[in-house]
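Here's the structure, in structure tokens; my notes come after.
Please read these numbers as outputs of a predicted model, since none were measured by experiment. For ligands, and for the atoms within them, numbers begin at 1 and follow the listed sequence.
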Amino acid sequence: MKYLVINSGSSSIKYQVIDMTTESVLATGLVERIGEASGRVQTTFYPGTARERESVVEQAIADHGSGMRSVLALLTDQEQGIITQPSEIAAIGHRVVHGGEDFQASTLITPVVIQAIERNIPLAPLHNPANLDGIRVAMEIFTGLPQVAVFDTAFHQTMPPRAFLYALPYALYEQDRVRRYGFHGTSHRFVAGECARLLGKPLSQCNLITVHLGNGCSMTAIENGVSVDTSLGMTPLEGLVMGTRSGDVDPALHLFLQQHKGMDLAAIDAMLNKESGLKGLCGLNDMRDIHKAAAGGDERAALALAVQTYRNRKYIGAFMAVLGRVDAIVFTAGIGENDPVVRAESLEGLEAFGVRLDPDRNRRHTGEARCISQEDSRVRVFVIPTNEELAIAREVAVVIGGKRR
Ligand code: ADP
């Protein structure tokens with residue numbers, strides 16, 4: 001029961017081979033700089049175990065096809081490999097960023113599904129074509145194998161119209177599907193499931209706020225196990241302050257920048273996505289560097305931290321109002337899992353709303369899922385490591401094996 005999980009980007013492919021009988025990772029790796037003069041295929045076999053070893057091949061990688069073939073060569077390598085032939089892989093799971101309104105759940109890939117992913121390219125012009133490259137290449141190399149698309153947007157398809165509609169002329173929604181979709185759904189769904197386990201009740205009875213803080217950041221309000229609102233919108237730019245993305249701004253900003261700075265829409269888009277967020281505020285986008293700079297007296301770094309954590313708090317408050325009863329707040333992803341300062345500042349002043357963080361538990365770092373609130377906290381607070389590859393593999397098991405979520 002070995003599954004291959006593929007996250008295909010425009011110039012990279014991330015992959016994992018997972019043994020689903022034990023949910024253990026047999027290999028994890030990255031193909032980088034596809035289409036450039038020098039590329040790189042990196043694989044770690046048996047990560048986190050005594051048998052761990054790394055293999056790196058530096059070579060030009062013309063396209064996704066040759067990248068995937070290099071991966072397969074590594075996986076089937078007689079000495080190092082973890083499989084003897086491609087047919088040992090039972091199924092493949094693909095991360096697909098945008099499923100639009102076409103997909104409420106993960107689905108077996110057929111020509112009709114591929115057409116629907118293509119139809120949603122206008123909503124994710126950078127991501128969906130790259131995801132499709134990965135799918136096409138895998139279909140060519142692993143002929144006849146079941147392949148499953150797992151969408152970042154699917155978990156949020158339960159949002160009601162009052163949460164997903166922008167207050168724009170309704171025809172824009174009817175004709176062009178302009179609406180909020182939300183992303184990181186696989187991660188929010190995964191940590192919600194883990195949280196339900198820790199709370200000891202079915203997910204369908206849990207009200208949660210899941211806070212995914214990585215390079216990209218988003219927050220989801222989960223009512224009785226389903227997403228009812230989320231901070232990312234039609235594209236992954238809305239909402240929280242991210243590494244290089246602005247999150248919420250006044251929509252009239254575009255006009256101002258055009259009129260007063262002579263910027264065209266492409267330049268504004270690039271600025272909002274790549275030069276804003278934490279990086280825009282202080283020049284740094286890695287939270288570890290921001291802490292170092294702030295500790296050294298860099299006021300802008302401290303300000304960037306304050307702007308991000310204030311926005312987090314504001315959204316937590318909004319989602320508490322959306323949900324009414326909140327069983328738990330869950331922090332996940334690079335910053336959410338590792339940064340006690342961001343967690344504490346994001347929850348500052350929320351005692352009146354039943355959130356009582358335990359400072360010692362918050363500071364203790366274990367790498368495990370854990371509760372960091374005080375015993376008497378009405379709203380419990382958890383740190384739960386996300387695992388999007390495992391989440392995708394579990395979705396594959398649900399789709400092809402009829403397993404229950
Ligand atoms: P992605 O969204 O690319 O999957 P991750 O979830 O891996 O990103 O998060 C990456 C971010 O996590 C980094 O930019 C860094 O700011 C943050 N991070 C990682 N480790 C730590 C740490 N120990 N303390 C604070 N922040 C961290």
Side-chain angles (χ1 to χ4, degrees), residues 5-16 25 28-30 32 42 44 47 95 97 124 126-127 130-131 150 152 182-191 194 210-220 230-232 235-247 273-296 298 300-302 304-309 311-312 330-346 362-370 372 383-392:
V5 173
I6 296 177
N7 181 353
S8 175
S10 56
S11 66
S12 69
I13 305 171
K14 278 192 213 155
Y15 60 94
Q16 274 195 9
V25 180
T28 177
L30 176 65
E32 285 175 287
Q42 181 274 338
T44 306
R95 177 193 182 206
V97 167
L126 298 179
H127 291 101
N131 301 154
V150 180
D152 276 24
F183 300 87
H184 295 146
T186 312
S187 174
H188 288 288
R189 167 95 198 34
F190 180 82
V191 297
E194 297 296 302
T210 49
V211 188
H212 177 113
L213 303 175
N215 281 314
C217 300
S218 68
M219 196 179 296
T220 298
T230 193
S231 61
L232 289 170
T235 76
L237 187 56
E238 198 176 326
L240 306 180
V241 175
M242 309 181 220
T244 64
R245 287 178 249 163
S246 63
N273 277 291
K274 297 186 181 142
E275 302 299 331
S276 298
L278 297 169
K279 185 181 176 194
L281 286 165
C282 72
L284 302 167
N285 63 310
D286 190 302
M287 194 47 92
R288 289 162 290 198
D289 297 336
I290 291 174
H291 283 302
K292 266 187 228 143
D298 183 333
R300 289 272 213 83
L305 186 66
V307 174
Q308 191 193 49
T309 53
R311 182 85 54 89
N312 291 344
V330 182
F331 285 93
T332 194
I335 299 173
E337 291 166 30
N338 295 304
D339 196 326
V341 176
V342 168
R343 290 192 299 257
E345 292 188 8
S346 301
N362 182 38
R363 266 194 301 272
R364 221 173 293 143
H365 185 87
T366 66
E368 304 280 313
R370 62 198 184 280
I372 57 169
V383 173
I384 300 182
T386 192
N387 188 337
E388 289 181 77
E389 289 79 13
L390 179 58
I392 290 173

Non-hydrogen atoms of [X] and [Y] that approach each other most closely:
{"X": "Glu389", "Y": "Val5", "answer": "O-CG2, 3.7 Å"}
{"X": "Ala130", "Y": "Gly9", "answer": "CB-C, 3.2 Å"}
{"X": "Ser218", "Y": "His184", "answer": "OG-ND1, 2.7 Å"}

message: Once you measure the plane-to-plane angle for His212 and His188, does it fall in the parallel (<30°), tilted (30-60°) or perpendicular (>60°) bin?
response: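 If you compare the ring of His212 with that of His188, the planes turn out tilted.
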Please report which non-hydrogen protein atom sits nearest to [atom], along with the residue it belongs to and the distance in Å to one decimal place.
{"atom": "atom 5 (P) of ligand 1", "answer": "Gly334 N, 3.7 Å"}
{"atom": "atom 15 (C) of ligand 1", "answer": "Asp286 OD1, 3.4 Å"}
{"atom": "atom 2 (O) of ligand 1", "answer": "Asn215 N, 3.0 Å"}
{"atom": "atom 19 (C) of ligand 1", "answer": "Arg288 CZ, 3.5 Å"}
{"atom": "atom 23 (N) of ligand 1", "answer": "Asn338 CB, 3.3 Å"}
{"atom": "atom 25 (C) of ligand 1", "answer": "Asp339 OD2, 3.6 Å"}

Any Gly243 heavy atom less than 4.0 Å from ligand 1: no
Is there a nitrogen or oxygen of [X] sitting under 3.5 Å from a nitrogen or oxygen of ligand 1?
{"X": "Leu213", "result": "no"}
{"X": "His291", "result": "no"}
{"X": "Ala333", "result": "no"}

Exercise. Give the single entry among Ile335, Leu284, Ile290 that approaches atom 17 (C) of ligand 1 most closely by any heavy atom.
Key: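 Going through Ile335, Leu284, Ile290 one by one, Ile335 has the nearest heavy atom to atom 17 (C) of ligand 1.
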Could you check if a side-chain atom of [X] sits within less than 4.5 angstrom of a side-chain atom of [Y], using non-hydrogen atoms only?
{"X": "Tyr15", "Y": "Thr28", "answer": "no"}
{"X": "Cys217", "Y": "Val241", "answer": "no"}
{"X": "Ile372", "Y": "Arg343", "answer": "yes"}

Using a 4.0 Å cut-off to any heavy atom of [X], which atoms of ligand 1 qualify?
{"X": "Met287", "value": "15 (C), 16 (O), 26 (N)"}
{"X": "Gly214", "value": "2 (O), 5 (P), 6 (O), 8 (O), 9 (O)"}
{"X": "Gly216", "value": "2 (O)"}

Under a 4.0 Å threshold between the charged nitrogen and the carboxylate oxygen, would Arg288 count as salt-bridged to Asp286?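 Salt bridge between Asp286 and Arg288, a charged N being under 4.0 Å from a carboxylate O: yes.
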Check your understanding: Does the side chain of Ser187 pick up a donor-acceptor pair with the side chain of Thr386 at under 3.5 Å?
Key -> yes
Next on the checklist: For atom 8 (O) of ligand 1, is there a protein heavy atom at a distance under 4.0 Å?
Outcome noted: yes
**Message:** side-chain hydrogen bond (donor to acceptor under 3.5 Å, both in side chains), that's the test. Do Gln42 and Thr44 meet it? Break it down for me.
**Reply:** CA-CA 7 Å; Gln42 181 274 338; Thr44 306; 2.9 Å; yes
